[in-house]
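Chain letters run A, B, ... following the sequence lines, proteins first, then strands; residues in each count from 1. Heavy atoms only: backbone and side chains are in, while hydrogens, waters and symmetry mates are out.
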There are 6 protein chains.
Amino acid sequence: MDEQFNADVLIEALPYLRRFSGKIIVIKYGGAAMINEGVRQSVIQDLILMQQVGMRPVLVHGGGPEIDRMLKKLNKESLFVEGLRYTDDETMEIVQMVLAGKVNKGLVNLIQNAGGRAIGISGMDGHLIEAKMLDEKLGYVGEIVAIHPEPIKDLLEKGYIPVVSTIGCDKAGNTYNINADTAAAYIAGALQAESLINMTDTKGVLMDAADPDSLIVRLSLAEIPKLQESGVVTGGMIPKLECCAHAVEKGANRAFIIDGRVPHAILIEMLTDEGIGTMVTA
Amino acid sequence: MDEQFNADVLIEALPYLRRFSGKIIVIKYGGAAMINEGVRQSVIQDLILMQQVGMRPVLVHGGGPEIDRMLKKLNKESLFVEGLRYTDDETMEIVQMVLAGKVNKGLVNLIQNAGGRAIGISGMDGHLIEAKMLDEKLGYVGEIVAIHPEPIKDLLEKGYIPVVSTIGCDKAGNTYNINADTAAAYIAGALQAESLINMTDTKGVLMDAADPDSLIVRLSLAEIPKLQESGVVTGGMIPKLECCAHAVEKGANRAFIIDGRVPHAILIEMLTDEGIGTMVTA
Amino acid sequence: MDEQFNADVLIEALPYLRRFSGKIIVIKYGGAAMINEGVRQSVIQDLILMQQVGMRPVLVHGGGPEIDRMLKKLNKESLFVEGLRYTDDETMEIVQMVLAGKVNKGLVNLIQNAGGRAIGISGMDGHLIEAKMLDEKLGYVGEIVAIHPEPIKDLLEKGYIPVVSTIGCDKAGNTYNINADTAAAYIAGALQAESLINMTDTKGVLMDAADPDSLIVRLSLAEIPKLQESGVVTGGMIPKLECCAHAVEKGANRAFIIDGRVPHAILIEMLTDEGIGTMVTA
Amino acid sequence: MDEQFNADVLIEALPYLRRFSGKIIVIKYGGAAMINEGVRQSVIQDLILMQQVGMRPVLVHGGGPEIDRMLKKLNKESLFVEGLRYTDDETMEIVQMVLAGKVNKGLVNLIQNAGGRAIGISGMDGHLIEAKMLDEKLGYVGEIVAIHPEPIKDLLEKGYIPVVSTIGCDKAGNTYNINADTAAAYIAGALQAESLINMTDTKGVLMDAADPDSLIVRLSLAEIPKLQESGVVTGGMIPKLECCAHAVEKGANRAFIIDGRVPHAILIEMLTDEGIGTMVTA
Amino acid sequence: MDEQFNADVLIEALPYLRRFSGKIIVIKYGGAAMINEGVRQSVIQDLILMQQVGMRPVLVHGGGPEIDRMLKKLNKESLFVEGLRYTDDETMEIVQMVLAGKVNKGLVNLIQNAGGRAIGISGMDGHLIEAKMLDEKLGYVGEIVAIHPEPIKDLLEKGYIPVVSTIGCDKAGNTYNINADTAAAYIAGALQAESLINMTDTKGVLMDAADPDSLIVRLSLAEIPKLQESGVVTGGMIPKLECCAHAVEKGANRAFIIDGRVPHAILIEMLTDEGIGTMVTA
Amino acid sequence: MDEQFNADVLIEALPYLRRFSGKIIVIKYGGAAMINEGVRQSVIQDLILMQQVGMRPVLVHGGGPEIDRMLKKLNKESLFVEGLRYTDDETMEIVQMVLAGKVNKGLVNLIQNAGGRAIGISGMDGHLIEAKMLDEKLGYVGEIVAIHPEPIKDLLEKGYIPVVSTIGCDKAGNTYNINADTAAAYIAGALQAESLINMTDTKGVLMDAADPDSLIVRLSLAEIPKLQESGVVTGGMIPKLECCAHAVEKGANRAFIIDGRVPHAILIEMLTDEGIGTMVTA
C-alpha cells in the first residue's frame with residue numbers, strides 16, 4: 001500500500017527533523033543547476049519544506065549564465081587581464097541588474113508561487129556584504145571585508161526565506177561583483193549556520209576523477225590541504241572545498257558539496273539516512 | 001533510487017504540513033489499537049512527527065482491557081444493571097489507578113523515550129473534566145458538565161504533548177469514569193481543534209457492513225441522522241459517529257473515524273492525499 | 001548667533017515631530033527629481049531624519065529615465081498601441097532589472113551610506129503587489145489586484161526604511177510594470193498611512209497653470225471632480241490627483257503633491273509651519 | 001475584638017511574605033501525615049495560601065500505606081532480600097498505579113476543590129526523574145541519575161501547584177520506585193529552592209530522643225556528621241537529615257524537618273516568628 | 001498554642017486574598033486618622049500587606065490639619081465667602097506645598113521605611129487630575145473635569161504604591177485645591193477599582209446617629225437618596241455617601257465608609273469575614 | 001527662503017540625533033536660570049524636544065531663591081555655623097515643601113502644558129537618594145550614601161520625563177537637604193548617563209576669569225586637579241567642576257558646564273556642531 005509507504009518515509013525523516021529544527025541552513029545555488037527547470041522546481045520545494053518543518057533556510061544564488069546572456073545582448077565584450085575577466089563600470093551595472101533585479105526576484109517569485117514566503121536582498125540591503133576592490137587590474141571584482149548578518153536574521157525572525165544576491169558594497173557607494181560560493185561561505189560562517197550546502201554539477205569530491213564511485217563522503221578540515229597537495233582535488237573543486245573549509249572555520253557546523261542535478265538533493269542530504277555528496281566538518 | 005523516492009514523499013506531504021501548521025489535533029486512542037505493540041509504536045511516532053512539523057497533537061486515551069485485567073486480578077466481579085456495568089467505589093478506584101497511573105504514564109514514557117516531550121494529566125488536573133453522576137443505578141459513571149481546557153492549552157504552549165486520562169470530577173471530590181470517545185469529542189470541541197481523530201478497529205463507516213469496500217469517505221452533520229434512521233449505521237458505530245458530530249458541532253473543524261490497525265494511520269489521514277477512514281464535517 | 005537660530009528651528013519643529021511620531025509616511029519619488037544629484041541627496045537625508053525623529057517613512061520609486069536609457073542601449077524600439085507603449089516580454093525583463101536591480105539598490109545604497117538602514121523590495125517580495133494584465137493590447141502593463149502590506153510592516157518593525165520597486169506579480173509567475181504613482185497610492189491606503197507625499201516637478205495644483213502663485217494649498221475629496229470638470233486640472237496632474245484621492249479614500253489620512261525640486265521639500269512639508277504644495281484630505 | 005486580632009496576625013506575617021515572595025518551597029508530604037484527614041486538609045490549605053501570597057510551592061508525596069493496602073488486597077506477598085523489600089515487576093506496577101493514579105490525583109483533586117490550581121505529574125512526565133536500578137537484588141528500586149526540572153518550572157510558570165509522584169524512569173522504558181524523601185531533596189536542589197520542608201511525625205531532631213523539649217532548632221551542614229557519630233541522631237532520622245543535607249549542598253537555601261501532625265505546620269514554619277522543627281542551613 | 005492560632009487566621013483570610021488578587025483598591029486617608037501616629041502606622045502596614053498578597057492599593061490623601069497649621073504659622077487669615085473658605089493665590093501655594101511637598105512625601109517615606117515601595121504624585125503629574133475653577137467667589141477651589149489615570153496605572157505596573165495629593169490643574173498652568181474625598185471617588189471610578197475605602201472618624205452610616213449599634217452595613221445606590229430625604233443621613237456624611245455613590249456609578253465595584261480609628265481597619269474590612277463599616281454597591 | 005533654511009538646520013542636527021538616540025541626559029537646572037521666565041520656557045522646550053527625538057532627559061532641580069523667599073515670609077532667620085547655614089527641623093520642613101511641593105510640581109506642570117509627559121519625584125520616592133547627616137553642626141544637611149536609580153528608570157521606561165527634587169532620606173525617616181549639583185552628579189553616575197549638563201550663569205570654565213573669550217572647551221579628568229592647583233578655577237566653579245568629575249568617574253560619559261542664560265543652551269550643546277560651554281570627559 002503506497003500511503004503506508006509514504007508514512008514510513010516521514011517517520012524515517014523524524015530524527016533529522018528534530019535535529020535540524022530551528023537551525024540555519026545556507027544553500028548556495030548557481031551554475032547549471034539554475035538553468036534546469038526541473039532542478040529549480042525541486043530546489044524551491046526543498047526550501048519550502050525545510051522552512052515548514054522548522055528549519056531556517058537561506059538561499060544564496062549566483063547567475064553567471066544570465067549575466068553572460070545579457071552582456072551578449074548588449075554586445076558588451078569582456079576584457080581579459082592575465083586570463084581573468086575585467087569588470088568595468090558598465091559590466092558591474094549589468095551584473096547588479098541581472099542578479100538583484102532578475103535572478104533574485106525570479107527566485108522569490110518561484111518561492112512565493114509555490115506557497116512559501118520570501119524576500120530577496122542583495123549585499124547592499126542593510127549593508128549585508130561589505131567589500132573592497134580585490135585588485136585594480138580586475139575592476140569591480142570585490143573581496144569581502146565583513147558580513148553584517150542582521151538583515152538575514154531579521155528576515156528569518158519574521159518568517160521569510162531570505163534570497164541573497166552576492167553584490168558587495170563599500171561606504172563610498174561602489175558596488176562589487178562577489179563570487180557567490182565565497183559569499184555563501186562567509187554568510188554561513190557569520191550566521192553560525194548548521195550547514196552550508198553547495199550545489200554543484202558534480203557528485204562531490206572524488207578520489208579518482210574518472211571513477212564516479214570514488215566519492216569521498218566525509219572530510220575533516222585537516223584532511224583538505226593533504227588532498228590538495230596530493231593532487232586529488234584539482235580545478236574548480238579547489239575553491240569549492242576552500243569555501244567549505246572557510247565556512248566551518250568561521251563557525252558553521254558542517255559544509256556539503258552535493259550534486260545539484262539530483263532532484264531534491266538538499267532534502268536527501270538533510271533528511272534521509274544516506275547523504276549524496278561530500279561533507280566537511282571541523 | 002530509494003532516497004530519491006523518499007524526498008518525493010516529503011514533498012507530497014508539504015501542502016498538508018502547511019495546512020495543519022499550529023493546529024490542534026485531538027487523537028482518541030483506545031481499544032484493540034492500544035494492545036498491539038506495533039500499533040502503539042506507530043501512534044507514538046505519528047504524534048512526535050506531528051509535533052515536530054508544527055502541529056499540536058493531544059492524545060486522549062481509554063484503557064478498557066487493562067482495567068478488566070486488573071479487576072480480574074482482584075477477583076472483583078462486575079455487577080450489571082439493565083445490561084450496563086455498575087461502577088462502585090472500589091471499581092472506580094481501580095479505573096482511576098489503571099488509567100491515570102498505569103496507561104497514561106506508560107504512554108508518556110513511550111513518547112519521552114521516542115524523543116518527544118509529554119506530560120500526562122487526568123480530568124482532575126486543573127479540573128479539566130467537570131462531571132456529574134449520569135444515573136445512580138450505574139454508580140460512578142460520569143456525564144460531562146464542562147471542559148476547562150486551560151491545562152491542555154498551557155501544556156501545548158510549553159511544548160508538551162498532553163496525554164489525557166478521561167477521569168471526570170465534581171466539586172465534592174468524587175471522581176467519575178467517563179467514556180473516552182465522548183471525552184475526546186468534548187475536548188476537541190472545547191479546544192476548537194482542527195481535527196478529532198478517533199482510532200477504531202474498523203475501516204470507518206461502511207454502507208454495507210459486509211463489504212469492506214463500501215467505505216463512506218465523507219459525511220456532513222446533516223447526513224448522520226439519515227444514516228442512523230436507514231439502519232446503515234448500527235451498534236458501536238452509532239456512539240462513535242455521535243461523538244464526531246458533537247465535536248464538529250462544538251467547534252472542531254473535522255472529525256475522523258479511522259482504522260487504528262493500519263500502521264501510521266494518523267499520518268496517512270493527515271499528511272497524504274488519500275485518507276483512510278470516514279470524515280465528518282459541518 | 002547662528003547656533004541660537006538653529007535651536008529655535010528645532011523647537012519650531014517640535015509640534016510636528018510629536019504629531020507624526022510613529023506614523024507611516026509613504027513617499028513617491030520619481031521622474032526628474034530622481035536624476036538630480038542634489039535632490040536625491042536631499043530626499044535621502046529627509047528620509048533618515050524622519051526615521052530618526054520617530055516617523056516611519058516608506059520610499060516608493062519609479063525609474064522611467066533609467067529604463068529608457070537601458071532600452072536605448074539595447075536598441076530596443078518601443079511599440080506604441082493607440083498611443084500607449086506596449087510592454088513585451090523583453091521590455092518587461094528590462095523594466096524589472098532596471099527598477100529592482102539598479103534603481104532600488106542604488107537608493108538603498110545611498111540611504112545606508114548616509115547612515116540610515118534600508119532594505120529594498122519589489123512587488124514580488126512577499127507578494128506585496130498582486131496584479132493582473134490591464135489590457136492585452138498593452139502587454140505586461142499591470143493593474144493592481146491587491147496589496148499585501150505585511151513585508152513593509154515587517155521591515156518597519158525591524159527598523160528599516162523599506163524601498164519599494166513597483167513591479168507587480170500574479171500567481172502564475174508573470175510580472176507586470178505598475179505605474180509608480182498608482183502603486184504608492186494603493187500602498188499608502190493599505191498601510192493606513194498618515195501621509196502620501198507625491199514628489200513631482202511642479203509646484204502642486206495651480207488654479208491658473210500660467211501663474212505659479214495660484215497654488216491650491218488644500219483640497220477635499222469632494223472638490224477634486226469639480227476641478228477636473230472645470231478644466232482647472234489637466235494633463236499629467238489628473239492621474240496624480242486621482243492617486244491622492246485613492247490613497248485618502250482607502251485610509252491614508254492626507255496626500256500631498258509637492259515640488260520635488262525644492263531641497264528638503266519633504267521636511268518642509270512635514271515639519272514646518274508652511275507647507276509647499278497641495279494637500280488632499282477627506 | 002477578634003477581627004482586630006486577626007489583622008494583627010496578618011501584619012506579623014508580612015516580613016515573611018515579603019521574604020519568600022516568588023521563592024520555590026518544596027514540601028515533602030508522606031507517611032502518617034497523609035492518612036490523617038485533618039492534617040491533609042491543613043496541608044492543602046497551607047499550599048494554596050502560600051501560592052496566593054506569592055510563593056511557589058511544589059508538593060512531593062509518598063504513599064507507603066496506600067501501597068501496602070493495595071498489595072494486601074491483591075494478596076501480593078513481599079519478598080525480603082537481606083532485610084529489604086524486593087520490588088518485582090508486579091509490585092512496581094502496583095506502586096506506580098497507587099502513587100501516580102490514586103494518591104497523586106487525590107491530592108490534585110483536594111487542591112482544586114479547595115480553590116487552588118494543581119497538575120499532578122510523576123517522574124516519567126517530561127522525564128523529570130531519570131533513574132537506574134540501585135541493586136539487582138532489590139528489583140525495581142531506583143537510584144536517581146538526574147533531575148530534569150523543566151516540567152516543574154513550566155507548571156509553576158503557568159500558575160499551577162505541581163504535585164509530584166516519585167516514580168523514576170530510564171531510557172529503556174523501565175520505571176523505578178524512588179524514596180520520596182530522597183526525590184524531594186534532589187528536586188529541591190535542582191530547583192535551587194528557597195526551602196525544602198520535610199513533614200514527619202516527630203518534632204524534629206532531638207538531643208535526647210526521650211525528651212520532646214530537647215529539639216535542635218538549627219543545624220549547619222558541618223554539624224550533621226558529628227551528631228551522627230555521637231549517636232544523637234539514629235534510626236529513621238538519619239536518612240531524613242541526609243536528605244536535608246543533600247538539598248542544601250545542591251543549592252536549596254534551607255531544609256526543615258517539621259512535625260506534620262501540627263495543624264498548619266508549614267505556615268507556622270514559614271510565616272511566623274517561631275518555627276516548629278529543625279532547620280538545616282549551609 | 002499561639003502560632004497555631006495565627007496560622008488559622010491566615011487560612012481564614014485565604015478566600016479574600018484570592019478574591020482581591022490583582023484588584024485595585026483606592027484608599028482615601030485624611031482627617032483625624034492622619035494625625036494619630038498609631039493609626040498612621042497601621043494604615044501603612046495595611047497598604048504594604050495588601051500589595052504583598054497581590055492587591056494593588058492606591059493611597060489618596062488629604063491634609064487639612066497640616067494646611068491649617070502652616071497657614072497659622074504664616075499668619076495667613078482665611079477669608080470666608082458665604083460661609084466657605086476663599087482660596088487665594090497665596091493660600092493655594094501653601095496648600096500645594098503642604099500636600100504635595102510635606103504630607104505626600106511623608107507618607108511615601110513611611111511606606112518605604114516600613115518595607116514597601118511608593119512613589120508620590122499629585123494631580124499635576126502626568127495631568128492626572130484635570131480641573132477648572134468651581135466658582136470665582138471661592139478662588140482656586142477646583143472642580144474635576146477629567147481624570148487621566150495613566151500615571152497611576154504606570155506606577156502600579158512598575159510595582160509601586162501610588163500616593164496621590166489631590167491638587168488639580170488646568171492647561172493654563174493654574175492649580176486647584178480639590179476635595180480629597182471627591183478626588184478619591186473620581187479616581188476609583190476612572191480606575192474601575194474593586195473598592196474605594198473612605199477612612200473616616202465615625203463608625204459608618206448610622207440609622208440613629210445617637211446609637212453606635214445602629215450601623216447600616218450595606219446600601220445600594222437606590223437606597224441612598226431615600227436615606228437623605230428621610231433625614232437619616234445628615235451633615236458631613238452626605239458628601240461622603242455621595243462620593244461612594246459616584247465611585248460606584250462610574251465603575252468601582254464597591255465603596256466603603258469605615259472607621260479609620262480602628263487599628264488595621266482596612267485589612268479587617270478587606271480580609272476578614274466581618275466588615276466594620278458601611279458598604280455601598282450598585 | 002526661510003522654510004528651506006529651517007530644513008537645513010534639521011538636517012545638520014541629524015548626526016547628533018542619531019548619536020544620542022536612547023541615551024540618558026541628566027540636566028541640572030537651578031539658580032538664576034530658574035527665575036528667568038524666558039529661560040524656563042526654553043529649558044522646558046529643550047527637554048520635550050530631546051524626548052521627542054529619542055533621548056531620555058532627566059531633570060534635576062534646585063530651588064534656593066524660592067526657599068529663601070518662603071523662609072523670609074515665615075520670618076525664619078537662618079543660623080550660621082562657621083559660615084555655613086544651619087538646617088534645623090523647621091527649615092528642613094520648609095526646604096522639602098518648597099522643593100518637592102512647589103518647584104518640582106511647577107516644573108512638571110510646565111512640561112505637561114507644553115505637551116510633554118512628566119512625573120515629579122523626590123529622593124524619598126522609591127528611596128531614590130539615601131543620605132545621612134553630613135555634620136551635626138549643620139543640622140539636616142545631607143551627604144549621599146547611595147543612589148537607588150530604579151524609580152527614574154521606571155519612569156523613563158513608561159515614557160515620562162522624571163523631574164527630581166534633591167531631598168535625601170535615611171531609614172529612620174529623617175530627610176536631608178542635598179546640594180542639587182552633587183545629587184545630579186551622583187544620579188548621572190548611577191544611571192550611566194551619556195551626559196550630565198550643569199546649567200550655570202557663567203560661560204563655563206574660563207582660563208582668565210576676566211576674559212569671557214578664554215573659555216576652556218574641553219577638559220579631561222586628569223587636567224582638573226592641575227587647574228585647581230594653579231588657581232585658574234576658583235570659588236563656586238570648584239564644586240561644579242568636582243561634580244562633573246564625579247559623574248564621569250562613576251560612569252557618565254561626559255559632563256558639561258554651560259551658560260543657562262543662553263536660550264536653548266541645552267539643544268545647542270547637544271544638537272549642533274559648536275557647543276557653548278566646558279565639557280569634561282574621562
Checking C/Asn75 against chain A: side chain, backbone, both or neither under 4.5 Å from a heavy atom? neither

Please check if the number of heavy atoms outside C/Lys23 that lie under 6.0 Å from its NZ is greater than 12. yes

Part of C/Ser165 within contact of chain A (heavy atom distance under 4.5 Å): neither

So which of A/Gly173, A/Gly159, A/Ala172, A/Gly106 has the biggest tally of heavy-atom pairs under 4.5 Å with chain C? A/Gly173

Under a 4.5 Å cutoff for heavy-atom pairs, which residue among A/Ile94, A/Asn109, A/Val108, A/Ile111 has the most contacts with chain C? A/Asn109

Could you check whether any side-chain heavy atom of A/Lys171 comes within less than 4.5 Å of a side-chain heavy atom of C/Gln112, counting everything from C-beta outward? no

All heavy atoms of A/Ile121 vs all of C/Lys105, minimum pair found to be CA-NZ, 4.3 Å

Is there a side-chain contact between A/Glu93 and C/Met70, using heavy atoms and a 4.5 Å cut-off? yes

Does any part of the side chain of A/Lys73, heavy atoms only, come nearer than 4.5 Å to the side chain of C/Lys76, both counted from C-beta? no

Is C/Leu155 in contact with chain A via its backbone, its side chain, both, or neither, using a 4.5 Å heavy-atom distance? side chain

Distance, nearest 0.5 Å, that separates CG of A/Asp154 from CD1 of C/Ile119: 6.5 Å

With a 4.0 Å cut-off on N to O distance, would you call C/Lys158 and A/Glu150 a salt bridge? no

Ionic contact status for A/Asp125 with C/Arg117, cut-off 4.0 Å: no

